[in-house]
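Below is one structure, written out as structure tokens; comments come after it.
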Amino acid sequence: MPSAQVIQLAHNEKDMPMRIGVYLAHPRPDSFNGALFDAVVDELRGLNVEVRAHDLYAEGFAPALSAAETETVADVAPSADDLVQAHRAEVAELDALVFVHPNWWGMPPAMLAGWVQRVLVPGVAYKLGTADGEPTGLLKAGRALVLNTSDTPAERERDEFGDPLQRIWSACVLPYVGITDLRRIVFRTVTDANERQRDHWLQEARRHAAALLDPRDADA
């Protein structure tokens, strides 16, 4: 089985460096989400990936959708927000996406929800011919990795709540824009995890990030 590093070398030999966007949505830079973000970015850069790392809170990304951006069928006009427009241009060129965020009320933080609504717009991330038609995903990226933290046990998340984050990412968002290869990893429960457990999780996050270059390596 080829390693992720071998796959990356082959990728580079064709002068096609892999470009991966990594997005952190947590307001505290000292959070475990922040540590996961740093580990993923470090791992990918060590594999010579062209990493576009975004701490959305640190960047001051404005998540509130404007009235002009509410079109769902016609292509959305360029945003007057330069940062939003830069994110739109960049995401169209990425080969894979990584999202790092906590589970808050069964949803991503409002910051990340706003990023999805303002960046993954018609004409950039998908095309929709009619209001009731099937979307055509426009993103180049075929793979995504979602890393979540949670303080809810897995059984309760599944049986009582139905794991809403899984539905959001695997059914409502990523397939809509053309990403069909999704791996979602949940680290739980974070609040009572000791340093040894957290170190193990960070290594697991690195392994899954590296596997974006070759998904077979994630289960090796």
Side-chain angles (χ1 to χ4, degrees), residues 20-42 44 51-66 69-70 76 79 81-88 90-91 94 96-121 124-126 139 141 143-154 156-158 160-177 179 182-193 198 201-202 204-205 208-209 212:
I20 299 180
V22 185
Y23 303 88
L24 170 64
H26 198 290
R28 295 200 326 269
D30 62 344
S31 67
F32 185 63
N33 280 262
L36 288 168
F37 174 76
D38 290 342
V40 167
V41 170
D42 180 70
L44 291 174
V51 179
R52 308 294 180 87
H54 296 285
D55 179 338
L56 296 177
Y57 282 91
E59 288 185 6
F61 187 90
L65 191 70
S66 69
E69 296 171 324
T70 57
V76 168
S79 176
D81 185 320
D82 290 342
L83 184 56
V84 170
Q85 194 59 28
H87 273 273
R88 290 179 183 176
E90 181 181 277
V91 78
L94 297 175
L97 306 176
V98 181
F99 298 102
V100 182
H101 71 87
N103 178 347
W104 284 350
W105 295 93
M107 298 177 285
M111 174 64 79
L112 185 53
W115 183 91
V116 169
Q117 293 166 5
R118 300 196 73 192
V119 174
L120 303 185
V121 294
V124 173
Y126 69 93
L139 290 189
R143 298 174 185 164
L145 171 65
V146 177
L147 301 178
N148 293 146
T149 57
S150 177
D151 282 326
T152 304
R156 187 180 183 209
E157 188 73 59
R158 182 189 65 243
E160 187 171 340
F161 304 124
D163 198 358
L165 278 177
Q166 180 65 23
R167 295 293 300 165
I168 288 171
W169 287 115
S170 69
C172 299
V173 176
L174 295 177
Y176 210 86
V177 298
I179 298 175
L182 165 65
R183 184 174 293 263
R184 176 172 167 257
I185 309 300
V186 184
F187 303 105
R188 66 176 101 222
T189 56
V190 174
T191 298
D192 58 1
R198 292 183 182 220
W201 285 338
L202 291 174
E204 185 178 355
H208 286 291
L212 288 168

Per the salt bridge (charged side-chain N to carboxylate O under 4.0 Å, His left out) rule, what does the pair list look like for [range], sequence neighbours excluded?
| range | value |
| --- | --- |
| residues 98-108 | none |
| residues 102-111 | none |
| residues 21-34 | Arg28-Asp30 |

With [X], which residues qualify under side chain to side chain donor-acceptor pair (under 3.5 Å), at least two apart?
| X | result |
| --- | --- |
| Trp201 | none |
| Glu59 | His54, His87 |
| Arg88 | Glu69 |
| Thr191 | Asp151 |

Who are the side chain to side chain contact (heavy atoms under 4.5 Å, CB included) partners of Pro29, not counting sequence neighbours?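 Residues passing side chain to side chain contact (heavy atoms under 4.5 Å, CB included) with Pro29: none at all.
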For Ala62, what residues pass the side chain to side chain contact (heavy atoms under 4.5 Å, CB included) criterion, not counting sequence neighbours?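 Scan of Ala62 (side chain to side chain contact (heavy atoms under 4.5 Å, CB included), adjacent residues dropped) gives Asp81, Arg118.
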Do [X] and [Y] have side chains that get closer than 4.5 Å, going by heavy atoms?
| X | Y | answer |
| --- | --- | --- |
| Thr149 | Asn103 | no |
| Tyr176 | Val116 | no |
| Phe37 | His26 | no |

For the pair Val91 and Tyr23, evaluate side-chain contact (heavy atoms from CB on, under 4.5 Å) and give the outcome as yes or no after the intermediate values. CA-CA 11 Å; Val91 78; Tyr23 303 88; 4.2 Å; yes
Take Phe99 and Asn148 through the side-chain contact (heavy atoms from CB on, under 4.5 Å) test and state the conclusion after the steps. CA-CA 8 Å; Phe99 298 102; Asn148 293 146; over 6 Å; no
Please report the shortest heavy-atom distance between Pro109 and Tyr57, naming the atom on each side.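 What the structure gives for the nearest pair is CB-OH, 3.9 Å.
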State, to 0.1 Å, how close Ala205 and Leu147 come at their nearest heavy-atom pair, and which atoms those are.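 Nearest pair, atom of Ala205 first, then Leu147: CB-CD1, 3.9 Å.
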Salt bridge (Lys or Arg N to Asp or Glu O under 4.0 Å) with [X]: which residues, sequence neighbours excluded?
| X | result |
| --- | --- |
| Asp163 | Arg184 |
| Asp192 | none |
| Glu90 | Arg52 |

Report the distance from atom CD1 of Ile179 to atom CG of Leu120, rounding to the nearest 0.5 Å.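 Nearest 0.5 Å value for the CD1-CG distance: 8.0 Å.
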Walk me through whether Val98 and Ile20 qualify under side-chain contact (heavy atoms from CB on, under 4.5 Å). CA-CA 7 Å; Val98 181; Ile20 299 180; 4.0 Å; yes
